[in-house]
Structures are given as structure tokens and as C-alpha cells.
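Here is the structure we will look at.
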2 protein chains.
Amino acid sequence: MDDGADAVFRALADPTRRALLDALLERDGQTLFELCTRMADTGVGSSRQAISQHIDVLAGAGLVHVRREGRYRLHDLDTTPLHPLRERWLRAEKRNRP
Amino acid sequence: MDDGADAVFRALADPTRRALLDALLERDGQTLFELCTRMADTGVGSSRQAISQHIDVLAGAGLVHVRREGRYRLHDLDTTPLHPLRERWLRAEKRNRP
DNA sequence: TTGACATGCAAGCAGGCACTTGCATATGGT
DNA sequence: ACCATATGCAAGTGCCTGCTTGCATGTCAA
């Protein structure tokens, strides 16, 4: 009943991780340092390792995909794990309507 | 930027709390014992106090409203805190379209 | 090659969170 | 009044999680 959804919900539970999703929503292919500086700018400051670990959690939930390019690690947002959750907890009256 | 949304996301992070929302989605006005037995039936077994504390978290996030009736405590589901979150993290290309 | 840049890995620490334990309160039926 | 039911409250415990620390690896430019 709670397959990968648990990882997604736990990933969304942290404000730093949500800020990372916000940052990646604006532009894909950002590098780790890029995300670190952006976090520091928006007030959600954390160390590089902390952010790296947060990204690991997001990647484990399938929300972020990581690809390597040279010495850089680029990150892409993937919101497909969120789609099945958008329609959860909608009242039955409102659900089955054309 | 992260007002009450933080409480909502943290509330959704726990599988027992999500199961409680599922239970309340089927029928409003369930009592605490009713929810406890239902949790035990669906395999998400926890003690009464544990479930009570989970409901406190859900109520703190505004997802559940509590009303008293006699010696019973009745619970109602409120999904309105979820509505602003449903449209979050949608790509900009898909967002502003009539 | 050398050095600077960008990232990886792993152990340790502290706070939070889920859960329990034990007892107190209140409502309703008889 | 009595008792069972239904819930409230608070302190204690163990684990999980976010963060740090320190060092290792890999990549590019000169």
C-alpha cells in the first residue's frame, strides 16, 4: 500500500530538501556548488556535505536524477513520483467525476 | 516561504498518520477507539496513546479537526491544507496554461 | 606533473521523534 | 453512588536523522 510513496513523503519532510526542489524547478542541470550557493543565498544555508546527503535522499525517492559530466555532477528534477500523490486524499464525492 | 506547509509535510512523513488520513477519508466523525481498531485491522497497529499523539500532529497541521461529543472525541478530515501543495513543483511550462 | 577545483566516503555526535509507561480525569449506564 | 468506558496528561526511552569532521578520489588547466 505504501511502496515508494513513503520515500517520497519522507524526502519532502525536510525544508532544505524542499528548497532544493524549488531551486531545481527553475533550472535543470545545476551542479552541487551551484545549489550550495543558491541555498546560502536564499537563507537555507548548509554545508556541502549536508546538501549532498539531502540530494541522496531526494535521488532515493526518485525526485532528482544525477548525471555526471566531466568533473561536475549535474542534477535534474523529476516530478513524476509526485503525480500519484496529487490525487490522494481527495474526497470520494469529488473524485469520480468526468 | 514555508509557513504552515512545513507542519503539513512533516505530518505526512509518517505512514501511520497517512493511514489515519486514509481511514478518515472513508468516513468522518470517527472516534479514537474506532481509529485504533481500524489501524490494528489494516496492519498499522499502534497503541492508543501513540495514535492520539499522531492525531495531535495531524490536528496541528490542520489536516484533522477534533470535536467533542459527550465522552467521545470525533475526528474530521480537512484536506484544504493540501490544496496549495498539489500545484507546487509543477514545471513552469505546464503551469500557466488555460 | 603540479596545483586548484569539484566531489566522494565514512565515522561520530546531538537533537528530534515515535513509542511506551503509569496514572489522572470525565462521561454515561445501572 | 458505583463501575466501566473513553480519553487526557506527562515523564522516560531508544532509534532515526541531519549535520559535522576529516580525509580520499577524480578532473581540468597550466
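Below, read A as the first sequence line, B as the second, and so on, with proteins coming before strands; counting in each chain starts at 1.
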Taking only residues two or more places apart in sequence or in another chain, which ones pass side-chain contact (heavy atoms from CB on, under 4.5 Å) with A/S46? A/T16, A/A50, A/I51
Map B/E34 and A/T16 onto DNA chain D by nearest heavy atom, then report which one ends up closer to the 5' terminus. B/E34
Please compare A/D14 and A/R68 by the position of their nearest nucleotide in DNA chain D and report the one closer to 5'. A/D14
Using OP1 and OP2 only, check whether a side-chain N or O of B/R73 sits under 4.0 Å from D/dG8. yes
With the threshold set at under 4.0 Å for non-hydrogen atoms, list the residues of residues 47-58 of chain A touching DNA chain D in residue-number order. A/S47, A/Q49, A/A50, A/Q53, A/H54
Measure the distance from CZ on B/F33 to P on D/dG8 and round it to the nearest whole Å. 11 Å
Roughly how far, to the nearest 0.5 Å, is CZ of B/R73 from CD1 of B/I55? 5.0 Å
What's the angle between the local helix axes at either end of the helix from C/dT1-D/dA30 to C/dT30-D/dA1, using five pairs per end and rounding to 10 degrees? 30°
Give each protein N/O atom lying under 3.5 Å from an N/O atom of nucleotides 14-16 of chain D, with the pair distance.
none

What is the distance, rounded to the nearest whole Å, between atom CZ of A/R67 and atom P of C/dA6? 17 Å
Provide a list of protein-nucleic acid N or O atom pairs under 3.5 angstrom, restricted to nucleotides 28-30 of chain D.
none

Give a yes/no answer on whether the side chain of B/T31 brings an N or O atom under 4.0 Å of OP1 or OP2 in D/dT7. yes
Any salt bridge (charged side-chain N to carboxylate O under 4.0 Å, His left out) involving residues 29-40 of chain B? Give me the pairs, sequence neighbours left out, ordered by first then second residue. B/E26-B/R38, B/R27-B/E34
Should A/R17 be listed as having a side-chain N or O under 4.0 Å from OP1 or OP2 of D/dG18? yes
